[in-house]
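For reference, the structure is listed below as structure tokens.
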Amino acid sequence: MTDLRFPIGPYKHRAGSAADHAAWIEQIAALPLRLREAVEGLTDAQLDTPYRPGGWTVRQVVHHLADSHINSYMRFRLAMTETYPTIKPYEEKAWAELPDARTADIAVSLTLLESLHTRWVLLLRSFDEKDFARTLNHPETGILDLDFLTGMYAWHCRHHVAHVTGLRLREGW
Ligand code: NI
């Protein structure tokens, strides 16, 4: 029984080696292109189809990746420039229901993600291994380090692309 919400499974963290960090950064770097490939040729009606019953539409998934990764980019920069900064959680489900996230042309967020990931990956590739031990305070979950966040966001990229590719496979699109 496949859970359509978790096509590649839920995120399970294990502390990363230097090779893991490099691999995770490559997965983050690849997201803008992987996402473009995943949505290539979809019609507006297909983009407005939920990736699973009751789930976000493909359009919402694309805009969610921009919303999520803007927040993530800020969190990495805060963690690199402050000592144990407290970050701001946000209501991702409510963000995805805002009118722009439901209706905007996905080209806007695809372009945004290309620029955003270029900056984010420049930062990630500048890290020494000790930088992955830097921490931030998430008010809901407590202490998080950049090792966890890098692995989690690499998973997040593949997780949402798989929502789109899984839908296309099931629908024969
Ligand atoms: Ni997400």
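Given the structure is predicted, the values throughout are model-derived calculations rather than measurements. Every number for a ligand or one of its atoms is a count from 1 in the order of the listing.
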Any side-chain heavy atom of R158 within less than 4.5 Å of one from R34? no
Do E26 and R125 meet the salt-bridge criterion of a basic N to acidic O distance under 4.0 Å? yes
Distances under 2.8 Å only: what protein N/O/S atoms are near the Ni ion (ligand 1), ordered by chain and residue? H64 NE2, H156 NE2, H160 NE2
Do any N or O atoms from the side chain of E82 and from the backbone of A79 form a donor-acceptor pair under 3.5 angstrom? no
Checking ring-ring contact (aromatic ring centres under 6.0 Å, His included) between Y153 and each of H159, H69, H117, H13, which is the one that passes? H69
Within the 3.5 Å criterion, strictly below it, is a donor on S17 or D20 matched to an acceptor on the partner's side chain? yes
Give me the one residue out of R59, H163, H156 that meets side chain to side chain donor-acceptor pair (under 3.5 Å) with H64. H156
